[in-house]
Amino acid sequence: MIGYGFMGRAHSNAWRQVRSFFDVPYEPVLKVICGRNESEVKKVADRFCWESFSTNWEEVVTREDVDVVDICSPGYTHAPIAIAAAQAGKILFCEKPLANTLSEAEQMLDAAQKNGCVHMICHNYRRAPAVSLARQLIEAGEIGNIYHYRATYLQEWLRNPEFPTRWRLDKSQAGSGALGDLFSHSTDLARYLVGEISEVSAMLHTFVDDRPVLNSSDRAHVDVDDAALSLVKFEHGAIGTIEATRYATGRKNFNRFEINGRNGSLAFNLERMNELEFYSDEGPNSGFKTIQATDKQHPFLCGWWPPGHIIGYEHTFTHTVLELLQALTEKRLPIPNFEDGVKNQRVLDAVERSAASRTWELVNR
Ligand SMILES: NC(=O)c1ccc[n+]([C@@H]2O[C@H](COP(=O)([O-])OP(=O)(O)OC[C@H]3O[C@@H](n4cnc5c(N)ncnc54)[C@H](O)[C@@H]3O)[C@@H](O)[C@H]2O)c1
């Protein structure tokens, strides 16, 4: 695995956990974890029980005892690592967004396909049980033809203008700001639950373009968006709004969507991730009801605790790794994979074009 930061820890946990709770014919072995700082990566390797550590990803992706390369590093590293790992014939598992640009994402997909690699992108929110349940209800026709998708992904961690800069605020490393970081999750859920987005009318905004550098008297220019907003049209006729920001004072990880159909509606908020709000014209018609998605028949819950013993954010990664292992067993591509990553990146690309042109832009030009 490349990257031992926030996501590296979540993925380490998922790989260790998946076989303890789910019936899979594979026993993941945590072979090598890679970072840039030797003493730090050593600490994480010890804590998460990795067999070895490295500070050289080129060496890691060609190791013979490595089958899966799990990419948890900043966006600018995704394409070179994934392409080298594809050329070495590895199974590719990559954090979102797939890359910093559409062109890089396409090159990653191309390399994976040319080398016959299994590939997957980690859009873990699909695998919150309540979100998977929403998809099941939509597929079963419970809310009917969809009219609206309304998504907000709100965080607050940048609202202090003196919060120091980091790689996420540097376009050369992150590709974009709230757009790739948060908005990309909402577009992935839009594609998963509603369908392909065909057209966007968007704006990107930066509130603070100059921030202190940590442990230094220097300051750094911020060249990514702080907030991304778009009107969207879907191929089959639904319309929507998507808003992502890191300046929503008081909001921590408010990843919410609401979907309104002809006969019913669904709403989800990650901050209450075990719950799905459901309105249906069927029955007593007394407004939205809250389904606690923790019963054994709900997606993924067969592996966990008795009903009501809720699960959390980290389990969405375990479920994502589970999908990868199940796909390997069934000799199919996992979902979502790099093709989804490219389609998602086309939406992000259209958002950037629309923000620049101040007009509606087609997603598939
Ligand atoms: N799916 C999610 O919910 C979710 C949440 C947060 C981040 N992410 C994604 O995960 C990725 C990493 O984000 P993060 O928040 O974990 O970042 P982070 O800054 O916490 O960690 C990044 C890690 O990458 C390592 N790294 C950087 N360059 C490297 C290199 N050249 N070689 C080896 N290691 C290198 C760093 O040492 C660090 O350990 C990004 O793509 C981000 O968008 C996904």
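Each ligand, and each atom within it, is numbered from 1 in the order the structure gives.
- A donor-acceptor contact closer than 3.5 angstrom is absent between the side chains of N37 and E40.
- Of all the heavy atoms of A10, none lies under 4.0 Å from any atom of ligand 1, so neither backbone nor side chain is involved.
- Using a 4.0 Å cut-off between heavy atoms, I2 contacts ligand 1 through its side chain alone, with no backbone atom that close.
- Side-chain contact check for E104 versus H78: every heavy-atom pair is 4.5 Å or farther apart.
- When each atom of ligand 1 is checked for a heavy atom of G3 under 4.0 Å away, the hits are 23 (C), 24 (O), 25 (C), 39 (O).
- Nearest approach of Y247 to R159, heavy atoms of both residues: CD2-CA, 3.9 Å.
- No side-chain heavy atom of V208 sits under 4.5 Å from any side-chain heavy atom of L158.
- Listed by number with element, the atoms of ligand 1 under 4.0 angstrom from any heavy atom of G35 are 33 (C), 34 (N).
- Protein heavy atom closest to atom 11 (C) of ligand 1, with residue, atom name and distance, is S73 O, 3.5 Å.
- Residue-to-ligand polar distances keep P74 apart from ligand 1: every N/O pair is separated by 3.5 Å or more.
- With R168, R166, M1, K96 as candidates, the residue nearest to atom 7 (C) of ligand 1 on a non-hydrogen basis is R168.
- Atoms of ligand 1 lying under 4.0 Å from any heavy atom of H185, numbered from 1 in the order shown and given with element: 1 (N), 2 (C), 3 (O).
- Considering backbone and side-chain atoms together, E95 places an N or O closer than 3.5 Å to an N or O of ligand 1.
- Salt-bridge formation is not detected for the pair R191/E235: no Lys NZ or Arg NE/NH1/NH2 atom is positioned less than 4.0 Å from an Asp or Glu carboxylate oxygen.
- Using a 4.0 angstrom heavy-atom cutoff, H123 does not count as in contact with ligand 1.
- For the side-chain hydrogen bond (donor to acceptor under 3.5 Å, both in side chains) criterion with H123, the lone passing option out of T316, T320, N344, T187 is N344.
- The ligand atoms of ligand 1 that sit less than 4.0 angstrom from a heavy atom of N124 are 1 (N), 2 (C), 3 (O).
- Annotation: atom 12 (C) of ligand 1 to nearest protein heavy atom, C72 O, 3.3 Å.
- Heavy atoms from both the backbone and the side chain of Y4 come within less than 4.0 Å of ligand 1.
- Nearest to atom 21 (O) of ligand 1 among the protein's heavy atoms is G5 CA, 3.3 Å.
- For atom 5 (C) of ligand 1, the closest non-hydrogen atom of the protein is M7 CE, 3.3 Å.
- Looking only at protein heavy atoms, the nearest one to atom 20 (O) of ligand 1 is F6 N, 2.9 Å.
- Taking all heavy atoms of W57, Y313, W167, Y76 into account, the minimum distance to atom 13 (O) of ligand 1 is reached by W167.
- Considering backbone and side-chain N/O of P97, none are found under 3.5 Å from N/O of ligand 1.
- Y26 and W15 have their aromatic ring centers separated by at least 6.0 angstrom.
- Looking at E314 and T318, their side chains never bring a donor and an acceptor atom within 3.5 Å of each other.
- Using cut-offs of 30° and 60° for the angle between ring planes, the Y279 and F288 rings count as tilted.
- E38 has no carboxylate O lying under 4.0 Å from a charged side-chain N of K42, or vice versa, which leaves the two without a salt bridge.
- Scanning the protein heavy atoms around atom 26 (N) of ligand 1, the nearest turns out to be R36 NE, 3.7 Å.
- For H78, the heavy-atom gap to ligand 1 drops under 4.0 angstrom.
- Salt bridge absent: E275 and K289 never bring a charged side-chain N and a carboxylate O closer than 4.0 Å.
- Of all heavy-atom pairs between E156 and G250, the closest is OE1-N, 2.7 Å.
- Nearest heavy atom pair, residue G180 against residue P97, reads O-CD, 3.3 Å.
- Those atoms of ligand 1 with a heavy atom of C122 less than 4.0 angstrom away are 1 (N).
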